[in-house]
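Every value quoted in this text rests on a predicted model; they were computed, and no experiment measured them. Read the numbers this way: they start at 1 and go in the same order the structure lists the ligands and their atoms.
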Amino acid sequence: MKFAARMDRLGTESAFEVLAQARRLEAEGRSVIHLEIGEPDFGTPENIIEAAHQAMLSGATHYTPAAGVPRVREAVAREMTRRGGVEVRPSQVVVVPGTKNILHFALLALIEPGDEVILPDPGYPVYRSLVDFVGAAARPVAINEDADFRMDLDEVERTITAKTRMIIINSPQNPTGGVLTEADLDRLAELALRHDLWVVSDEIYSEICFQELPRPIWSRPGLAERTIVMDGLSKTYAMCGWRLGYGVMPEALAERMTTLLINTSACAAAFTQLAAIEALESPQSRVAVDAMVAAFKGRRDVLVEGLNQIPGFRCHLPAAAFYAFPNVTETGIPSRELAGRLLNEAGVAAVAGDAFGAHGQGHLRFAYTVSEQQIGEAVERISAFVRSAAPAPVGSR
Ligand SMILES: Cc1ncc(COP(=O)(O)O)c(C=O)c1O
């Protein structure tokens, strides 16, 4: 079958491939602890499920305006106004069936083939994949392990050319859990203004954070006019399967994005949109989110402490999200091989760091989206494996 050339440029999310492999092993009767998929294991809070149910019963089963039900856009605008401390208008909000649509549409609307787009490395693989897909030139910039997994802003500055049109930032970050500081965001804002860049700010993990976050980049003067915020319900409210994302952007771009939506999905599911109001505004949802974040923090501590006891593993304490990204170079086993062997020989599913970009090499990503007890068991399995497979730490190799 002959496919369009652009299909060869489309990447994938390795976590889903690892999950498929893990499921095959389980079908053969093997036990696998799942630390590969970036999806909260909690159920969606019941009040949100009830809101969707009621919405369906009340007839929210039809198409909605493409950019979203007005009341939902208003709720998102209120939430974002709270976050940024600057006014966000509902007309700046576009509701989509999944946050990644916002990036895809922004690239389609703003980027010409050959334009350069700066993105984090390691970073969420969909950034690179979509940038390549639209024919732009991806310019990966290192996320610096020695600087608390923050983007290397000197490298950002060196990477900007006359062709650079956009920079994608992600704080808190997948796969490292790193967080940009207030000073980082000030500097990025200054660079974006000086070089006339669009900023895509992926804030999907901003509510899953174990410390206070600085004000988002778009709250700085002149930045709301050039920023596209990506966010959604998937992670914060354990709603990955509901497919509800949203973007905040300048109104003129929101209108163009709405046209893209009309031509693709038409709209996000009506009852899912109405449940978003409950998610964003009900105090009950806040209680549920706080409980989930507290659980993630407990799991993070157990996992990171455990990983740091394993010979050859060095794990930085992530400030946010639900990922640990240990450096495993000292085991002497390349990270891709290590991930494969941990799955097949130890029954622990993780993603090799280089699945997130070349700078991820020598790392593994563990999603702590299972119970503390399972995390403890996973650490024991990894430890036993590493001690038998690589008896002495081999930093010299
Ligand atoms: C950094 C980042 N952005 C966006 C997404 C996609 O979210 P959604 O489920 O809303 O498409 C993910 C999901 O893993 C993510 O890790």
Just to be sure I read this right, does ligand 1 sit under 4.0 Å from the backbone of Tyr127, its side chain, both, or neither, counting only heavy atoms?
side chain
Numbered atoms and elements of ligand 1 in range of Lys100, under 4.0 angstrom, heavy atoms:
11 (O)
Arg78/Glu281 salt bridge by N-O under 4.0 Å criterion:
yes
From Asp202, Leu244, Asn174, Leu233 - option closest to atom 2 (C) of ligand 1 by heavy atom
Asp202
Salt-bridge present (Arg24, Glu28; N to O < 4.0 Å):
no
Quick check on the 6.0 Å ring-centre criterion: do Phe296 and Phe210 meet it?
no
For atom 10 (O) of ligand 1, the closest protein heavy atom turns out to be Thr99 OG1, 2.6 Å
Please state whether Gln173 comes within less than 4.0 angstrom of ligand 1, counting heavy atoms only.
no
Does Arg243 come within less than 4.0 angstrom of ligand 1, counting non-hydrogen atoms of the residue?
yes
Suppose I only count heavy atoms of Lys235 and a 4.0 Å limit; which atoms of ligand 1 are within that range?
12 (C), 13 (C), 14 (O)
Which of the atoms of ligand 1 are close to Tyr205, meaning less than 4.0 Å from one of its heavy atoms?
1 (C), 14 (O), 15 (C), 16 (O)
Quick one: side chain to side chain donor-acceptor pair (under 3.5 Å) partners of Arg220, sequence neighbours excluded?
Glu182, Asp186
Which ligand 1 atoms, with their elements, are less than 4.0 angstrom from a heavy-atom of Gly98?
10 (O), 11 (O)
For this output row, return yes or no: ring centroids of Phe366 and Phe325 closer than 6.0 angstrom.
no
Using non-hydrogen atoms of the residue, decide whether Ser234 is closer than 4.0 angstrom to ligand 1.
yes
For ligand 1, the portion of Glu39 having any non-hydrogen atom under 4.0 Å away:
neither
Under 4.0 Å between a side-chain nitrogen and a carboxylate oxygen: does that hold for Asp196 and Arg226?
yes
Nearest heavy atoms of Ile33 and Gln374, plus distance in Å
CD1-O, 3.6 Å
